[in-house]
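Right, one structure below, let's go through it.
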Amino acid sequence: MTVNAPVRPRSGAMDIDEFMAFIAPRPKEERWHLIEGIAVMMTPPSLAHRQIAFNLCDLLNRAFRTQQRDLLAYHEIAIRLPGVMNFQPEPDVVVAPGPAGNALFAEDFRLVAEILSPSNTRAEIELKLRRYREGENSLYVLLIEPREFRLEIHARSRNWQPVVLTNRRDRIEMPEFGLSCLVEDPYRDTAVAVQSK
C-alpha cells in the first residue's frame, strides 16, 4: 500500500473547474476545500468531530420530519455560491431544501456548520463566515468547538451578530427549523459530554 505524501495548499487564483480537475485524481479519503482561490487539504476529523456532525444532522433531520419541512441536513457536502468561482468548501453540516437529488454540491443552503479543528486559523474561519453569510437563503452559520462546550451561532435574524453558548444546559433555538435543544445534545456520546456529567 502506498502512503500519499502530504500536499501543501495550492495558492493562486484557482477557479472551481481547475479545483475539480485538481482533486479528481486525489485519494477519496482526502478532503479538500477551495477557499478564495486556494485549494486547502483539511485535517482528518477526530472521532468527536464526526460524532458531533452526526448528532447535529440527526437533531436537524428529526426536527424537519416532525415539522414536515422540506429540508435535509447533510454531512460533508460541498457548497457553492452562484457567481463566485473561487469558493467551494465542504462544511461539516449543510441544510438544503429536499428532496435529495444527484447534485454533488448545494447552491441553495439554509445552514452551514463548521466543527473546528486545531488546524483551523481564525483568518480561514472569517473568510468562510463571510462567504456563508452571502448565501441568498442562508439563515444560520454555526461554529462548534469539539473539545469543550462552545457553540457560536450566527443568525441572519440577528444581523449575523454571534451568540456564544458555553453551558451544556444553554438552549439552541432555531425557530425557522422547528429546532429547540440543549447545547449538550450535539455533543452526545463525546468525551466532553461524558467528562462533564
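Residue pairs that meet the salt bridge (Lys or Arg N to Asp or Glu O under 4.0 Å) test with at least one member in residues 84-112, sequence neighbours left out, are Arg31-Glu90, Arg31-Asp92, Asp108-Arg110. For residues 37-46, there are no salt bridge (Lys or Arg N to Asp or Glu O under 4.0 Å) pairs, not counting sequence neighbours. Within the structure, salt bridge (Lys or Arg N to Asp or Glu O under 4.0 Å) contacts touching residues 114-123 (residues at least two apart or in different chains) are Glu114-Lys128, Arg122-Glu126, Arg122-Glu152. Among residues at least two apart or in separate chains, there is no ring-ring contact (aromatic ring centres under 6.0 Å, His included) pair with a member in residues 99-128.
Hydrophobic clustering of Ile, Leu, Val, Met, Phe, Trp and Tyr side chains at less than 4.5 Å, counting indirect connections, unites Met85 with Ile23. One hydrophobic cluster, built from ILVMFWY side chains closer than 4.5 Å, holds both Leu59 and Leu139. Phe54 and Ile52 end up in different hydrophobic clusters when Ile, Leu, Val, Met, Phe, Trp and Tyr side chains are linked at under 4.5 Å. Hydrophobic clustering of Ile, Leu, Val, Met, Phe, Trp and Tyr side chains at less than 4.5 Å, counting indirect connections, unites Val141 with Val84. Put simply, Val163 and Ile172 are part of the same group of oily side chains (I, L, V, M, F, W, Y) that touch within less than 4.5 Å, one to the next.
Between Glu124 and Ser119, the closest heavy-atom pair is OE1-O, 4.5 Å. Contact detail for Pro186 and Val183: the closest heavy-atom pair is CD-O, 3.0 Å. Residues Gly178 and Ala63 come closest through the heavy atom pair O-CB, 3.7 Å. The shortest non-hydrogen separation linking Ala13 to Glu18 is O-OE1, 3.7 Å. Looking at every heavy atom in both residues, Leu72 comes nearest to Gly98 through CD1-CA, 4.1 Å. The shortest non-hydrogen separation linking Val192 to Pro146 is CG2-O, 3.3 Å.
Side-chain contact, Thr190 with Gln51: no donor N or O sits under 3.5 Å from an acceptor N or O. Side-chain N/O atoms of Ser138 and Arg156 include no donor and acceptor closer than 3.5 Å.
Aromatic rings from Trp32 and Phe22 are positioned such that their centres are separated by under 6.0 Å.
With contacts defined as side-chain heavy-atom distances shorter than 4.5 Å, the pair Ile125/Leu127 does not qualify. In this structure the side chain of Gln88 never reaches within 4.5 angstrom of the side chain of Ile79, judged on heavy atoms. By the 4.5 Å heavy-atom criterion applied to side chains, Leu129 and Leu143 are counted as neighbours. The shortest side-chain heavy-atom distance between Ile153 and Leu165 falls under the 4.5 Å cut-off. Side-chain atoms of Asp15 and Asn86, non-hydrogen and from C-beta on, never get closer than 4.5 Å to each other. Contact of the Val93 side chain with the Val112 side chain is not registered, since no non-hydrogen atoms from C-beta on lie closer than 4.5 Å. Between His154 and Gln161 the shortest side-chain heavy-atom distance does not fall below 4.5 Å. Counting heavy atoms from C-beta on, the side chains of Phe64 and Leu179 never come closer than 4.5 Å.
The backbone N or O of Arg65 lies less than 3.5 Å from no partner atom in the side chain of Gln68, so there is not a single donor-acceptor pair. Asn61 contributes no side-chain N or O that, together with a main-chain N or O of Asp58, makes up a donor-acceptor pair within less than 3.5 Å. Asn120 contributes no side-chain N or O that, together with a main-chain N or O of Leu116, makes up a donor-acceptor pair within less than 3.5 Å.
Atoms CD and SG, from Glu76 and Cys57 in turn, are 9.5 Å apart once rounded to the nearest 0.5 Å. The CZ atom of Arg133 sits 12.5 Å away from atom CG of Leu81, with the distance rounded to the nearest 0.5 Å. Here CG of Leu151 is found 4.5 Å from CD1 of Ile144. Values are rounded to the nearest 0.5 Å. Met14 contributes atom CE, which lies 12.5 Å from atom CD1 of Ile35 (distance to the nearest 0.5 angstrom). Here Phe149 contributes atom CZ and Asn167 contributes atom CG; the two are 8.5 Å apart, rounded to the nearest 0.5 Å. Rounding to the nearest 0.5 Å gives a distance of 4.5 Å between CG of Leu56 and CG of Leu60.
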(Q) Before you tell me yes or no, could you show the steps for Tyr132 and Trp160 under side chain to side chain contact (heavy atoms under 4.5 Å, CB included), namely the whole-Å CA-CA distance, both residues' side-chain angles and the distance that decides it to 0.1 Å? (A) CA-CA 11 Å; Tyr132 295 156; Trp160 300 112; over 6 Å; no
Q. Going through the distances and angles, do Asn55 and Asp185 end up as a side chain to side chain contact (heavy atoms under 4.5 Å, CB included)?
A. CA-CA 7 Å; Asn55 290 342; Asp185 293 338; over 6 Å; no
Q. Could you walk me through whether Arg131 and Glu36 pass the side chain to side chain contact (heavy atoms under 4.5 Å, CB included) check?
A. CA-CA 9 Å; Arg131 288 295 190 191; Glu36 302 299 313; 2.7 Å; yes
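Residues passing the side-chain hydrogen bond (donor to acceptor under 3.5 Å, both in side chains) test with Arg147, sequence neighbours excluded: Glu145. Residues satisfying the side-chain hydrogen bond (donor to acceptor under 3.5 Å, both in side chains) test with Ser117, not counting sequence neighbours, are none.
Salt-bridge formation is not detected for the pair Arg168/Glu148: no Lys NZ or Arg NE/NH1/NH2 atom is positioned less than 4.0 Å from an Asp or Glu carboxylate oxygen. Salt bridge absent: Arg69 and Glu176 never bring a charged side-chain N and a carboxylate O closer than 4.0 Å. Look at Arg130 and Glu134 and you find a salt bridge, because one of the NZ, NE, NH1 or NH2 atoms lies within 4.0 Å of a carboxylate O, short of that distance.
Applying the salt bridge (charged side-chain N to carboxylate O under 4.0 Å, His left out) test between Glu184 and each of Arg171, Arg150, Arg169 identifies Arg169 as the sole match.
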